[in-house]
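Remember, it's 1-based here, ligands and their atoms both numbered in the order they're listed.
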Amino acid sequence: MTRVLKIGAAQLGPIQRDHNRKEVVERLIALLNKGAVESCDLVVFPELALTTFFPRWWSENIAEFDHFFETEMPSREVQPLFDEAKKLRIGFHLGYAEMTPDGHRYNTSILVSKNGEVLGKYRKVHLPGHEEHEPWRTFQHLERYYFEPGNEFKVFGAFDGVVGMAICNDRRWSETYRVLGLQGCELALIGYNTPVHYPPDPSQDALAGFHNHLVMQSGAYQNGMWVVGVAKAGNEEGCDLLGESSIIAPSGEIVAQCSTVEDELVSAVADLDMCANYKDTLFDFDRYRRPEVYKAITSQVGIEIPEGIEVGNQEDGHLED
Ligand code: CDT
């Protein structure tokens, strides 16, 4: 059996605050059709792909932003996307803001089969930014106010392989890929909304693209998996969002990359059997991993410098000079 998939990374340009779901779903359908022209089996849309990135604004009344959330999936407005994908026999990945019937809010993504069936749901584990109003910022990043965190990285049997999902900031954490990798993940789907400007440390702005690829390429390589990272890009409500959506092979190499900050689809053939080249050799977990040495990774959250180490006070070092 060959396990070769054609994957489309469907980058979105900006979605402004007054754009409605109908307009956005039409754009998603247009990208899906581009995917059909390229014979894609799976099209990957970004994080919060139905709305503007609303956590950039503070509201004293959290419910004021509830209209950015989906209370069901597919909703009436999103149903045409499911219908078109089923008609074209293309699976897809979609990020959106989820409101549960009992009022919990999550930053969520779903994986949908070629038959239009929801195969899996993931709720973002690493919520970046801040909880409180911080008016000094050029724009806010209030994911920790608007969302509750998800609590697991899961994989799903889909597209003849083992597929996992992560969302945006998750991609910066090596634990994300390793926990997926330990479940045999062969394809990780990651949507993102990444402002190029990082208010707490603007010296990182020039490195936004470098860091984006650095983390996803190393995650792919160190776990022998394909990684598809897809942006919502461009100038959204005055905030520049990074593009550079890419499809990354288990070798860590980028095999396709978007060149604009607009709606754009790039595609690549992904051979899932290529994962074994890495999973069975250099990164043969069974043979080489040493979990008994890694205990701090699950027992500890922050940095704990061992007792007896006084930073900046070593007699034999040069730190005092
Ligand atoms: N959406 C998202 O997770 N964005 C973050 C921005 C980090 S700055 C608060 C990211 O890691 O790209």
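Atom CD of Glu132 has 12 or fewer neighbouring heavy atoms from other residues, nucleotides or ligands inside a 6.0 Å radius.
The side-chain contact (heavy atoms from CB on, under 4.5 Å) test with Thr176 singles out one residue from Ile167, Asp170, Asn223, and that residue is Asp170.
The distance from ligand 1 to the heavy atoms of Asn169 drops below 4.0 Å at these ligand atoms: 3 (O), 10 (C), 11 (O). For ligand 1, the atoms sitting less than 4.0 Å from at least one non-hydrogen atom of Glu47 are 1 (N), numbered in the order shown with element in parentheses. Residue Phe53 has at least one heavy-atom neighbour below 4.0 Å for each of these atoms of ligand 1: 1 (N). For ligand 1, the atoms lying closer than 4.0 Å to a non-hydrogen atom of Pro128 are 2 (C), 3 (O), 5 (C). For ligand 1 and Asn193, the ligand atoms under 4.0 Å from any heavy atom of the residue are 1 (N), 2 (C), 4 (N). Close contacts between ligand 1 and Glu143 involve ligand atoms 1 (N), 2 (C), 3 (O) [criterion: under 4.0 Å to a heavy atom].
Under 4.0 Å from ligand 1, the heavy atoms of Tyr198 that appear belong solely to its side chain.
Counting only N and O atoms by type, the side chains of Asp201 and Gln204 include a donor and acceptor under 3.5 Å apart. Side-chain contact, Arg123 with Thr100: no donor N or O sits under 3.5 Å from an acceptor N or O.
Considering His141, Lys124, Arg56 only, the shortest heavy-atom separation from atom 3 (O) of ligand 1 involves Lys124.
Electrostatic pairing of Lys34 and Glu38 does not count as a salt bridge here, judged by no charged N lying under 4.0 Å from a carboxylate O. The pair Lys87-Glu84 meets the salt-bridge criterion, with a side-chain N (NZ, NE, NH1 or NH2) lying under 4.0 Å from an Asp/Glu carboxylate O.
Of the protein's non-hydrogen atoms, Thr194 OG1, 2.6 Å is the one closest to atom 12 (O) of ligand 1. Nearest protein heavy-atom contact of atom 5 (C) of ligand 1 is Cys168 SG, 3.8 Å. In terms of protein heavy-atom proximity, atom 11 (O) of ligand 1 is nearest to Arg172 NE, 2.7 Å.
In this structure, Arg171 counts as a contact residue of ligand 1, since one of its heavy atoms falls inside 4.0 Å of the ligand.
Under the 6.0 Å cut-off for aromatic ring centres, Phe153 and Tyr122 qualify, their centroids lying closer than that. Remark: aromatic rings of Phe53 and Tyr146 are distant, center separation not under 6.0 Å.
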